[in-house]
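Contents: one structure, followed by commentary.
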Amino acid sequence: MTPGFDHSYAGLGSAFSTAQAPDPVSAPQLLLWNALLAEALGWSGTPDTHPEQLQALAGNQPLPDTQPIATVYAGHQFGQYNPQLGDGRATLLGEWVTASGDRFDIQLKGAGPTAYSRGGDGRSPIGPVIREYVVSEAMHALGVPTTRALAAVATGEPVIRNRIEPGAILTRVASSHLRVGTVQYFAMTRGGDDVAELVDYVVARHCDPAKLNETPAGSAAAVLLDSVCERFAKLVAHWQVLGFVHGVLNTDNALLCGETIDYGPCAFMDHFDPQACFSSIDRQGRYAWPNQPGIMHWNLAVLAECLLPLIAADTEIAQQTAQEIVDRYPARFHAHHQHWLAAKLGLDEVTANDGTLVQGFHDILAADQLDFTLAFRWLTEVANDNLPHSPLPELFSVPDALNDWATGWQARRSANQGDTHAITAAMNQVNPVVIPRNHLVQRAIDQAEAGEIKWIETLLERGQSPFQWHSGDLEWARAPEPGERVTRTFCGT
Ligand code: AMP
Ligand code: MG
């Protein structure tokens, strides 16, 4: 099959989206192009050598076969229901279908106002575009399901926020942009109109058809809810063990496909802070690191409420079925989380018996404000007898408490069952050397604002192999100096 655009979501009709051409910009310039992603998608040509592609990614001239739309959704923002949101600064060019039949939304973010802009300018400053590009691509390399970045283009036009900033457009690639908030719009705002059609669409696009056949007829909604339950549990467990704080886990930022979306105020923690919260607008810490698993459970419950009428005709049966599925979430999260923890600590499994050991490690990290990423990497090098051969001793000093703890940890490891060599070696694949630390992301933004792209390209390249040591890692892997620490993040969009 030749890769190309398709428009199945636009085909659902005007209740779901509005035709919306991107708004042209005056002086587009290519900032970043993701050649590896383009290759994986089977995208031919690059904006470097094909000026028409640059024009298309800036929204100036449509690519052949695109049919741009803005989609409508709703969502709970910080717990408050907003009955109508939508793509206010994004247009969906269409779905790119690869040679093997995989389907991806291709969206221009920052491409001008739409029917859902609510008075906003539909634009994005360069800073948030760079942040999303760098962090989403790093997440992908770390193995976390995420939307991706195909290109960043400077518009040549200013964007007015707290200050005047250069504008940019991100070309975002996602398995789809369908959100809990998309279902909410039809179920809650529109009183149930078209929910069935939407659910059938999402299930056909994102769920295993075999699951549909397993269950009694009419339960596509239950299949969807159960799939989303599993995806959320898995995704959040992964965020937690990487120290990733999303920052704005509103229901409109929770994708049904289970990919991470919206890199607004997100941040990775440097030193371990069990209450880590970076977003300047999250004053109550609603979306703090320890709350993420619970918040995604809450988001799942909102989805369940929307789906009730489709789960079963009988209200009681519908409620019971939905509740059973929502109740699976904590155990699923726990299983994924324990699995990750075991892998990161080089243990065959983490059981209730290991609770004191695991807690002891986190307590030392918290008490001494040790770097979260480097602490796990220290364990990795120690377990693999690689400490003297790695740059780690120069990056991480070990307090006595941690050395003492490690004695108990090694004793526990010697009781590992199974292929102990493989368990130890595998620590290298789950404990990263480099993550997109806040001070690196901030430097990337500062450079982009000053028109410098070279350093960002080097950062992106380094981020592609996060689990290996490279020369120069004394710089890429180090924790921030006190003066470099970024402790507050801003949406800035
Ligand atoms: P977010 O905080 O990025 O999840 O966005 C929340 C809502 O605000 C979405 O409906 C966005 O489309 C909309 N929005 C954010 N920034 C802008 C902007 N500059 N212009 C128009 N709409 C925007
Ligand atoms: Mg959003």
Side-chain angles (χ1 to χ4, degrees), residues 16-18 20 22-23 25 59 68-92 105 107-133 135-136 139 146-149 155 157-170 172-174 176-186 188-189 235 245-267 278-283 286-287 295-296 299 302 489-493:
F16 296 83
S17 64
T18 311
Q20 179 68 61
D23 208 21
V25 299
I69 56 171
T71 75
V72 65
Y73 52 87
H76 277 89
Q77 299 176 305
F78 289 90
Q80 296 293 318
Y81 188 57
N82 191 326
Q84 201 211 286
L85 296 160
D87 296 327
R89 51 155 166 198
T91 49
L92 179 65
D105 279 7
Q107 193 196 57
L108 299 185
K109 187 174 172 191
T114 74
Y116 313 110
S117 294
R118 302 177 296 154
D121 61 3
R123 293 297 182 189
S124 178
I126 198 169
V129 166
I130 295 296
R131 175 186 296 278
E132 176 159 348
Y133 198 116
V135 184
S136 67
M139 290 287 268
T146 178
T147 63
R148 309 270 320 258
T155 61
E157 294 175 359
V159 174
I160 300 164
R161 294 294 181 265
N162 287 334
R163 57 195 171 98
I164 297 176
E165 301 174 58
I169 296 173
L170 181 83
R172 179 159 68 187
V173 180
S176 88
H177 286 86
L178 300 167
R179 308 146 195 264
V180 170
T182 312
V183 182
Q184 281 183 277
Y185 173 75
F186 294 98
M188 293 175 164
T189 304
L235 181 66
V245 188
H246 180 283
V248 58
L249 282 178
N250 296 333
T251 55
D252 55 305
N253 291 332
L255 289 186
L256 301 172
C257 65
E259 291 173 0
T260 312
I261 191 171
D262 199 319
Y263 289 90
C266 69
F278 298 92
S279 170
S280 61
I281 54 168
D282 190 4
R283 289 189 196 91
R286 178 182 171 90
Y287 300 135
I295 281 291
M296 288 300 267
N299 290 347
V302 170
T489 55
F490 302 86
C491 276
T493 55

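Numbering of ligands and ligand atoms starts at 1, following listing order.
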Exercise. So which protein residues pack against ligand 1 under 4.0 Å, heavy atoms counted?
Worked result: Y73, Q77, L85, G86, D87, G88, R89, S117, R118, G120, D121, G122, R123, R161, D252, N253, D262, T493
For this session: Mind running side chain to side chain contact (heavy atoms under 4.5 Å, CB included) on F16 and T182 for me, showing each step along the way?
Result: CA-CA 9 Å; F16 296 83; T182 312; 5.9 Å; no
Problem set entry | Nearest-0.5 Å distance that lies between atom CZ in R286 and atom CD1 in I295 | 4.0 Å
Exercise. Is a side-chain donor-acceptor pair under 3.5 Å present for Y116 with T18?
Worked result: yes
For this session: Compute whether any side-chain donor of one residue and acceptor of the other, for T251 and Y81, lie under 3.5 angstrom apart.
Result: no
Problem set entry | Check ion pair R89-D23 (N to O, under 4.0 angstrom) | no
Exercise. Yes or no on ring-ring contact (aromatic ring centres under 6.0 Å, His included) for Y263 and Y133, after CA distance, side-chain angles and deciding distance?
Worked result: CA-CA 9 Å; Y263 289 90; Y133 198 116; over 10 Å; no
For this session: Taking salt bridge (Lys or Arg N to Asp or Glu O under 4.0 Å) as the test, write out the residues that go with R283, two or more places apart.
Result: none
For this session: For D105, enumerate each residue passing the salt bridge (Lys or Arg N to Asp or Glu O under 4.0 Å) test, keeping only those at least two apart in sequence or located in another chain.
Result: R205
Seminar exercise, completed: Counting only protein N, O or S atoms (no waters) closer than 2.8 Å to the Mg ion (ligand 2) gives 2
Exercise. Would you say the side-chain atoms of H177 pair up with the backbone N or O of L255, donor to acceptor, closer than 3.5 Å?
Worked result: no
